[in-house]
Amino acid sequence: NLFHDGVINNRWRVRGLSDYSTPEYSKLDHISADKWETCRGMGHSFGYNRFEDESQTISSGELIRLLIDIVSKNGNLLINVGPKADGTIPDIQLERLKEMGAWLQVNGDAIYDTSPWKTFEGKTASGIDIRYTQKKGKLYIHIFGKPRSEETIPGLVFVRDSEVTLLGGSATLKWNQN
């Protein structure tokens with residue numbers, strides 16, 4: 001860090017005077033060696049906009065996929081909520097935050113304190129997008145869709161006797177390597 005008491009993002013656009021980049025409403029398309037952060041609102045506004053409805057607000061599924069994608073590339077996600085004049089969070093935004101929180105209760109281990117793997121993305125043999133994160137010798141595979149009862153992940157090589165589990169579950173999944 002440039003300063004011991006905090007960090008500075010690159011919004012001042014002064015070369016050499018930032019600790020990390022923060023693209024707004026966009027994300028990187030590669031793994032960054034340096035930490036970065038995407039900043040975005042739940043809708044198109046950073047403040048309360050009474051005209052924003054369901055169609056202009058990011059869905060819970062999109063929000064969770066965005067978080068996973070960003071974390072898989074060594075980034076953080078900063079979500080802005082636009083409170084009403086009385087300080088309350090609009091119901092649609094509160095709903096999204098609660099759904100994301102419920103997802104993180106089960107899957108947070110694959111997000112918090114993780115780092116990128118050797119690649120951030122892949123696909124199953126049936127074409128479902130995948131993102132990867134890792135932590136303390138564990139590889140986390142995020143599948144962006146409902147996999148078949150048997151799914152193939154091309155190019156993924158496990159160490160012999162590896163254990164494969166589903167977060168939130170207690171059973172070990174059966175796997176084989178071809």
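On a predicted model such as this, the values are computed, not experimentally measured, just so you know. Every heavy atom of this structure was used, including side-chain atoms; hydrogens, water molecules and symmetry mates were not.
The environment of CD in Gln177 is crowded: more than 12 heavy-atom neighbours from other residues, nucleotides or ligands sit within 6.0 Å. Heavy-atom neighbours of Lys84 NZ from other residues, nucleotides or ligands within 6.0 Å: above the threshold of 12. Surrounding NZ of Lys35 are more than 12 heavy atoms belonging to other residues, nucleotides or ligands, all under 6.0 Å away.
Residues Asp34 and Asn74 have side chains not in contact (no heavy-atom distance under 4.5 Å, counting atoms from C-beta outward). Inter-residue side-chain proximity for Asn107 and Tyr140 is flagged as unmet; no heavy-atom pair is nearer than 4.5 Å. For the pair Thr38/Lys73, no side-chain contact is recorded, criterion being any heavy-atom separation below 4.5 Å from C-beta on. Contact annotation: the side chain of His142 never approaches that of Leu67 to less than 4.5 Å [non-hydrogen atoms, C-beta and beyond]. Contact check for Asp129 versus Glu121: no side-chain heavy atoms found under the 4.5 Å cut-off. Here the side chains of Thr22 and Leu78 are not in contact, with every heavy-atom distance at 4.5 Å or above. Contact of the Trp103 side chain with the Ile111 side chain is registered, since non-hydrogen atoms from C-beta on lie closer than 4.5 Å.
A pairwise comparison of heavy atoms in Pro154 and Ala125 identifies CD-N, 3.7 Å as the closest pair. In plain terms, the two heavy atoms of Val71 and Thr133 that are nearest each other are CG1-CG2, 3.9 Å. Of all heavy-atom pairs between Gln56 and Phe51, the closest is OE1-O, 3.2 Å. Closest non-hydrogen pair, Ser72 versus Pro116, comes out as O-CB, 3.4 Å. When all heavy atoms of Pro90 and Gly82 are compared, the pair lying nearest together is CD-O, 3.2 Å. Of all the heavy atoms in Ile58 and Arg96, the pair that sits closest is O-NE, 2.6 Å.
Classification of Glu150 and Lys174 as a salt-bridged pair fails, no side-chain N sitting under 4.0 Å from a carboxylate O. By the 4.0 Å N-to-carboxylate-O rule, Arg148 lies close enough to Glu151 to be salt-bridged with it. In summary, Asp109 and Lys135 engage in a salt bridge, as defined by a charged side-chain N under 4.0 Å from a carboxylate O.
Looking at Glu52, its side chain does come within 3.5 Å of a backbone N or O of His44 through a donor-acceptor pair.
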Verdict with supporting geometry, Arg40 and Ile79, side chain to side chain contact (heavy atoms under 4.5 Å, CB included):
CA-CA 5 Å; Arg40 67 155 295 144; Ile79 292 292; 3.9 Å; yes

Run Trp36 and Ile70 through side chain to side chain contact (heavy atoms under 4.5 Å, CB included) and show every step you take.
CA-CA 9 Å; Trp36 60 282; Ile70 290 168; 3.7 Å; yes

Before you tell me yes or no, could you show the steps for Ile141 and Leu156 under side chain to side chain contact (heavy atoms under 4.5 Å, CB included), namely the whole-Å CA-CA distance, both residues' side-chain angles and the distance that decides it to 0.1 Å?
CA-CA 10 Å; Ile141 303 168; Leu156 186 61; 3.5 Å; yes

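Taking the six-membered ring where the residue is Trp, Phe158 and Trp175 present perpendicular rings, their angle passing 60° and hence far from 30°. The aromatic rings of Phe46 and Tyr25 stand perpendicular to each other, their planes meeting at an angle above 60°, with 30° marking the opposite boundary.
No path of Ile, Leu, Val, Met, Phe, Trp and Tyr side chains, each step under 4.5 Å between heavy atoms, connects Ile68 with Ile31, placing them in separate hydrophobic clusters. Under the 4.5 Å side-chain heavy-atom criterion for ILVMFWY residues, a single connected hydrophobic cluster contains both Leu173 and Ile153. Grouping the Ile, Leu, Val, Met, Phe, Trp and Tyr side chains by contacts below 4.5 angstrom, directly or via other members, places Leu97 with Leu66. Cluster annotation: Leu28 and Trp117 are assigned to distinct hydrophobic clusters (Ile/Leu/Val/Met/Phe/Trp/Tyr, side-chain heavy-atom contacts under 4.5 Å, transitive). Under a hydrophobic clustering in which Ile, Leu, Val, Met, Phe, Trp and Tyr are joined whenever their side-chain heavy atoms come within less than 4.5 Å, directly or via other members, Tyr132 and Ile128 fall into the same cluster.
Atom CD of Glu95 and atom OG of Ser59 lie 10.0 Å apart (nearest 0.5 Å). Here the straight-line distance linking atom CZ of Phe144 with atom CD1 of Ile64 works out to 10.0 Å at 0.5 Å rounding. Taking OG from Ser162 and CZ from Arg160, the interatomic distance works out to 11.0 Å, rounded to the nearest 0.5 Å.
Remark: of the listed residues Leu63, Leu94, Asn49, Ile89, Leu63 is the sole one forming a side chain to side chain contact (heavy atoms under 4.5 Å, CB included) with Met42.
No hydrogens or angles considered: a donor-acceptor pair under 3.5 Å links the side chains of Asp53 and Ser55.
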